[in-house]
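For reference, the structure is listed below as structure tokens.
Note on naming: letters A, B, ... go to the chains in the order of the sequence lines (proteins, then strands), and numbering restarts at 1 for each one. Quantities reported herein were computed from a predicted structural model and do not represent experimental measurements.
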There are 2 protein chains.
Amino acid sequence: MISRPPRPRDRGIPEATVARLPVYLRALQALQERRTLTISSEALAAAAGVNSAKLRKDLSHLGSYGTRGVGYEVEYLVYQISRELGLTQDWSVAIVGIGNLGRALANYGGFGTRGFRIAALLDADPTMVGQSVAGLKVGHIDRLEEAVRDNGVSIGVIATPAGSAQHVANRFVEVGVASILNFAPVVLNVPEGVDVRKVDLSIELQILAFHAQRRADGDGREPADRTGLELT
Amino acid sequence: MISRPPRPRDRGIPEATVARLPVYLRALQALQERRTLTISSEALAAAAGVNSAKLRKDLSHLGSYGTRGVGYEVEYLVYQISRELGLTQDWSVAIVGIGNLGRALANYGGFGTRGFRIAALLDADPTMVGQSVAGLKVGHIDRLEEAVRDNGVSIGVIATPAGSAQHVANRFVEVGVASILNFAPVVLNVPEGVDVRKVDLSIELQILAFHAQRRADGDGREPADRTGLELT
DNA sequence: CCCACTTTGTGCGTAGTTTCACAAGCACGT
DNA sequence: ACGTGCTTGTGAAACTACGCACAAAGTGGG
């Protein structure tokens, strides 16, 4: 069962590369729907919005799956990336916090095209419990442990208010969920070995504002010590 | 021996730093509510989930706002970071695509605590137009240009299906919106000078899956590639 | 006034990431 | 068979980011 295959894959794929693989995968799947059989790094890079050298180096971490003079076979590459990302197996996801965002997530069909199954929806609000959302009955948060165990949940999504997020995270960790996607605007504290990724809308807006302001500032530099409001 | 002349031009705060400033800001605002007057880099770093040296270096890019032996004055730092991020001015935001996600965004009150004002909601679906969401009337996408001009919108949020995203982006760019936050699962093509940030739920899940798979492959142990090869 | 103590700001070595540029490899036409 | 043309895979250079460790700078007590 446990294959120590003769071709032990280099398990040291750079984090930056991992973050881009899903983008390549999506571009490749779009190509697949258009019946494209092969594609060059140049063209795929353009579709993914990256530099072609970067794309080639990224793919080289998975192995040598291209053909010089031709390009990459789309279908084969889709399979290889999917496998590397762990999408050839199914992942059960539980979403906690069925507010506006939680509902949006639950209804978001194309979760990774496939590979992810939303197995449980949980909320603390008694009036929410029992309602049907995206074809699933919302359960009470008190049953989190049960829901995780019964459904083999391995990924937890937190879409609660900031105040409850840490508590929910603790519960997740407690029952063995080691992958958490956090939408609440707080920094979660988790033990080593637990993987947390955060998606933060207001942070993204603030970063945009920073660049927008910089553009507006004529194009200058000068941040430094400006203790009040002066400027022009 | 021939070293290139030093570039004292400290133009620009590192991108990595910019991305963390909002996190610091949020932590500081929480402290402010607890009436904390000053805080050390050590404590603030813990609250923000980063290394204290990194935090000090980040803050040093804004200027010398700390007091040795004491720490940072919370209120002053809040102001400085806000100013650097451009939050001391107001930004008008338009959201296009009032589906589940668009509604969630419109209702998400704490948009950056302040500084961001949702000025317009637009959708292509005629049955959606005219409805009231989060206290705003949904307008038809055809009026995008009008809505942007009338409200001084400078940030556009795209929450449409993938197929419409590029089209909406083009329209935004056309009317001079140079900051776009994209939730649609596509790579947007925009001219130079336009700033696009993307938030992609399924990509985040795929990255989590990658790490989860790695954990599982290894055998009960953890990644453990922290201690790479020592000297040889 | 001076000393002990605390905490900032930063120089520097290390690690990670991006990009260039080109040799090596493959397909295809002749 | 063999050259021509195209595209991959990858050394190496250039950047960027990280975190340690410590001197500098400020506080407060005696």
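- With hydrogens and angles ignored, no donor-acceptor pair closer than 3.5 Å exists between the side chain of A:Lys57 and the base of C:dT18.
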* Structure fact -> Its contact letters, B for base, S for sugar-phosphate only and - for none at protein heavy atoms under 4.0 Å, make nucleotides 22-30 of chain C read --BBBS---

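- A donor-acceptor contact closer than 3.5 angstrom links the side chains of B:Gln80 and B:Arg83.
- Among residues two or more places apart in sequence or in another chain, the ring-ring contact (aromatic ring centres under 6.0 Å, His included) test is passed with A:Tyr76 by A:Tyr65.
- Here D:dC6 presents its P atom at 18 Å from OH of A:Tyr72, a figure rounded to the nearest Å.
- The distance from the CD1 atom of B:Ile95 to the CD1 atom of B:Ile155 is 11.0 Å, given to the nearest 0.5 Å.
- Between A:Leu55 atom CG and C:dC20 atom P there is a gap of 14 Å when expressed in whole angstrom units.
- Picking from D:dA17, C:dC20, C:dT18 the nucleotide with the shortest atom distance to the side chain of A:Ala53 gives C:dC20.
- A:Trp91 places a side-chain N or O within 3.5 Å of a backbone atom of A:Gly86 that can act as its donor or acceptor partner.
- The separation between A:Leu44 atom CG and D:dG9 atom P is 12 Å, rounded to whole Å.
- Residue whose closest nucleotide on DNA chain C sits further toward the 5' end, between A:Arg20 and B:Gly71: B:Gly71.
- Using a 4.0 Å cut-off between charged nitrogen and carboxylate oxygen, A:Arg117 and A:Asp90 do not count as a salt-bridge pair.
- The interatomic distance linking B:Glu73 (CD) with D:dG26 (C1') rounds to 15 Å, in whole Å.
- If you measure from atom NZ of B:Lys54 to atom C1' of C:dC12, you get 17 Å, rounded to the nearest angstrom.
- Defined by atom type and a distance below 3.5 Å, a donor-acceptor pair is present between the side-chain atoms of A:Ser202 and A:Asp200.
- Between A:Asp58 and B:Leu59, it is B:Leu59 whose nearest contact on DNA chain C lies nearer the 5' terminus.
- The side chain of B:Ser40 places no N or O atom within less than 4.0 Å of a non-bridging phosphate oxygen (OP1 or OP2) of C:dT7.
- Rounded to whole Å, the distance from NE2 on A:His61 to C1' on D:dT8 is 15 Å.
- Contact annotation: B:Asn51 side-chain N/O to D:dC20 OP1/OP2 distance is under 4.0 Å.
- Nearest-nucleotide positions on DNA chain D for B:Glu15 and A:Ser60 put A:Ser60 closer to the 5' end.
- Side chains of B:Asp195 and B:Ser179: a donor-acceptor N/O pair is absent below 3.5 angstrom, by distance only.
- Under 4.0 angstrom from either OP1 or OP2 of C:dG9 there lies at least one side-chain N or O belonging to B:Ser64.
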